[in-house]
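Inspection log for the structure reproduced underneath, given as structure tokens.
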2 protein chains.
Amino acid sequence: MRTPLSASTVIADAAALADEAGFEKVTLSAVARRLGVQAPSLYSHVRDLEALRDGVTALALGELADLVATAIAGRSGLSALKAYTAAHRAYARESPGRWQSLQRRAGEAVVRSDAAKKISAQAPAVLRGYPVPQAEHVHAVRLLGSTINGFLALERTGNFDHSSPAPEASWDRTVVALDALLRAWPVHSRTDES
Amino acid sequence: MRTPLSASTVIADAAALADEAGFEKVTLSAVARRLGVQAPSLYSHVRDLEALRDGVTALALGELADLVATAIAGRSGLSALKAYTAAHRAYARESPGRWQSLQRRAGEAVVRSDAAKKISAQAPAVLRGYPVPQAEHVHAVRLLGSTINGFLALERTGNFDHSSPAPEASWDRTVVALDALLRAWPVHSRTDES
DNA sequence: GGTTTCTGCCTACATGATGTAGGCTGGGTG
DNA sequence: CACCCAGCCTACATCATGTAGGCAGAAACC
């Protein structure tokens with residue numbers, strides 16, 4: 001073979017396969033076929049199937065972190081929120097398999113990765129433009145993540161296919177609603193009960 | 001064997017296996033082992049693996065629809081919203097594998113099932129207690145579903161494990177936030193741009 | 001009551017996936 | 001020039017899906 005395989009080559013090809021056929025179709029034999037080698041050859045570069053999948057997850061995490069970072073740089077408030085959400089949605093649309101790879105419990109190594117740290121610092125950064133008290137940041141971040149990921153997941157699994165209008169409009173409404181929610185957050189930040 | 005197998009027996013056992021080991025572990029051979037029969041025997045009751053999984057999804061859809069129906073009966077406003085969300089969360093916690101089976105694109109038969117129709121009528125029912133204009137119902141329903149499913153998915157995949165406090169508190173905040181959002185909805189229902 | 005039929009699980013098999021063990025080869029190094 | 005070893009290979013064990021066809025026992029029919 002011209003260029004020798006490497007862990008990153010294999011993982012990159014797995015990611016491409018995921019985007020084309022869905023993350024659940026990522027298989028050592030399929031990747032081997034695409035690379036024109038025999039399946040056992042891959043085990044020198046990747047420990048096992050789980051490691052391959054985790055590799056794709058780590059790759060996707062890094063890519064998404066970079067995209068979001070560029071998108072929200074120099075923005076705040078609604079502008080930052082729109083950029084943040086749009087970046088997530090764009091990634092989910094353009095790299096569906098990679099995005100899928102993020103919707104699962106990944107190995108410890110991935111969870112501890114720099115990309116993971118970077119990503120989890122981005123939502124709080126967006127929140128800085130809103131009057132959400134520090135103590136409430138966790139909750140706001142979780143709400144934000146839940147809504148965004150949830151919307152993209154439902155859209156992807158076809159949950160919105162049997163009602164009109166197109167998800168597009170609902171997405172815009174959702175972002176605006178989140179903005180309103182964050183701007184009005186103090187209202188809900190009572191410390192007694194919930 | 002004492003009692004002969006049937007489609008429902010097989011699917012029920014698959015659902016039990018899903019709750020114990022995760023939906024992705026639902027396999028014809030595993031179910032056959034649990035039932036004490038040989039794998040090919042199952043093909044008389046279930047067309048193939050996809051049909052088995054769809055069966056579990058349909059089962060879960062029906063169970064969840066019933067639980068939610070009981071929960072929201074006779075309630076409205078925040079009370080209905082709390083019941084609606086709590087029922088979803090309880091189902092996700094107590095039947096994790098069945099809940100997982102709902103987070104995927106299911107076959108046409110499942111989508112067209114009565115249970116599916118029933119479920120998709122429940123969120124609009126909760127909305128009746130809120131001043132959301134009819135034309136905006138779709139968007140509100142989608143937002144509601146996105147946030148609830150998204151939260152449960154992130155919680156399940158361990159996204160909240162590395163920050164405190166426990167998801168519990170964020171969940172309550174989220175429900176309250178959704179209530180506030182729905183009560184204030186008219187504010188966002190401008191028809192011009194988004 | 002005996003024969004027939006049919007239902008429901010069986011064995012046998014083809015295919016394709018994961019993962020292990022160990023062999024072969026060609027390009028870089030003493 | 002000989003050696004070595006990195007990197008891919010073949011061979012194999014195991015387990016999953018799905019098909020084909022066999023067999024046995026209970027129900028149905030004469």
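Scope of the values below: all heavy atoms of this structure, side chains included, with no hydrogens, waters or symmetry mates. In what follows, chains are A, B, ... by sequence order, proteins preceding strands, each numbered from 1.
Listed nucleotides C:dA17, D:dT19, D:dC9 differ in distance to B:Tyr43; the shortest reach to its side chain belongs to D:dT19. Residue B:Val37 has its side chain nearest to C:dC10 when only C:dC10, D:dT17, C:dT18 are considered. Minimum atom distance to the side chain of A:Asp48 is reached by C:dG19, of the listed D:dG18, C:dC9, C:dG19. The listed nucleotides are D:dC8, C:dC9, C:dA17; the one nearest the side chain of B:Ser44 is C:dC9. Considering only the side chain of A:Pro40, C:dT20 comes nearest among C:dT20, C:dA17, C:dC9.
Residues passing the side chain to side chain contact (heavy atoms under 4.5 Å, CB included) test with B:Pro40 are B:Gln38, sequence neighbours excluded. Under the rule for a ring pair (Phe, Tyr, Trp, His ring centres under 6.0 Å), B:Tyr130 has no partner lying at least two apart in sequence or in another chain. Partners of A:Phe160 under the ring pair (Phe, Tyr, Trp, His ring centres under 6.0 Å) rule, at least two apart in sequence or in another chain, are A:Phe151.
What separates CG of B:Leu35 from C1' of C:dG8 is a distance of 14 Å, to the nearest Å. In this entry the distance linking CG of B:Leu49 with C1' of D:dA16 reads 9 Å, nearest Å. Atom C1' of nucleotide D:dC8 and atom CZ of A:Arg33 are separated by 18 Å, given to the nearest angstrom. Rounded to whole angstrom, the span from the CG atom of A:Leu5 across to the P atom of D:dA6 amounts to 16 Å. D:dC8 atom C1' lies 9 Å from atom CD of A:Gln38, rounded to whole Å.
OP1 or OP2 of C:dT18 has not a single side-chain nitrogen or oxygen of A:Arg53 nearer than 4.0 Å.
Of the residues in residues 8-28 of chain B, not one comes within less than 4.0 Å of DNA chain C through any heavy atom.
To the nearest 0.5 Å, atom CG of residue B:Asp13 and atom OG of residue B:Ser8 are 12.0 Å apart.
Nucleic acid contact class of B:Ser29 (heavy atoms, under 4.0 Å, all strands): sugar-phosphate only. Residue contacts for A:Arg47: at a heavy-atom cut-off of 4.0 Å it reaches no nucleic acid atom on any strand shown.
For residues 157-167 of chain A, the pairs satisfying side chain to side chain donor-acceptor pair (under 3.5 Å) are A:Thr157-A:Asn159, A:Ser163-B:Arg142, with sequence neighbours left out.
Along DNA chain C, the nucleotide nearest to B:Ser6 and the one nearest to A:Ala39 differ in position, and the one closer to the 5' end is contacted by B:Ser6.
For the 3.5 Å distance criterion, the side chains of B:Arg53 and B:Ser101 fail to qualify, holding no donor opposite an acceptor.
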Compile the donor-acceptor pairs under 3.5 Å between side chains in residues 69-78 of chain A and protein atoms, sequence neighbours left out, one pair per line.
unit_1: A:Thr70; atom_1: OG1; unit_2: A:Asp66; atom_2: O; d: 2.8
unit_1: A:Arg75; atom_1: NE; unit_2: A:Ala71; atom_2: O; d: 3.0
unit_1: A:Arg75; atom_1: NH1; unit_2: A:Ser79; atom_2: OG; d: 3.1

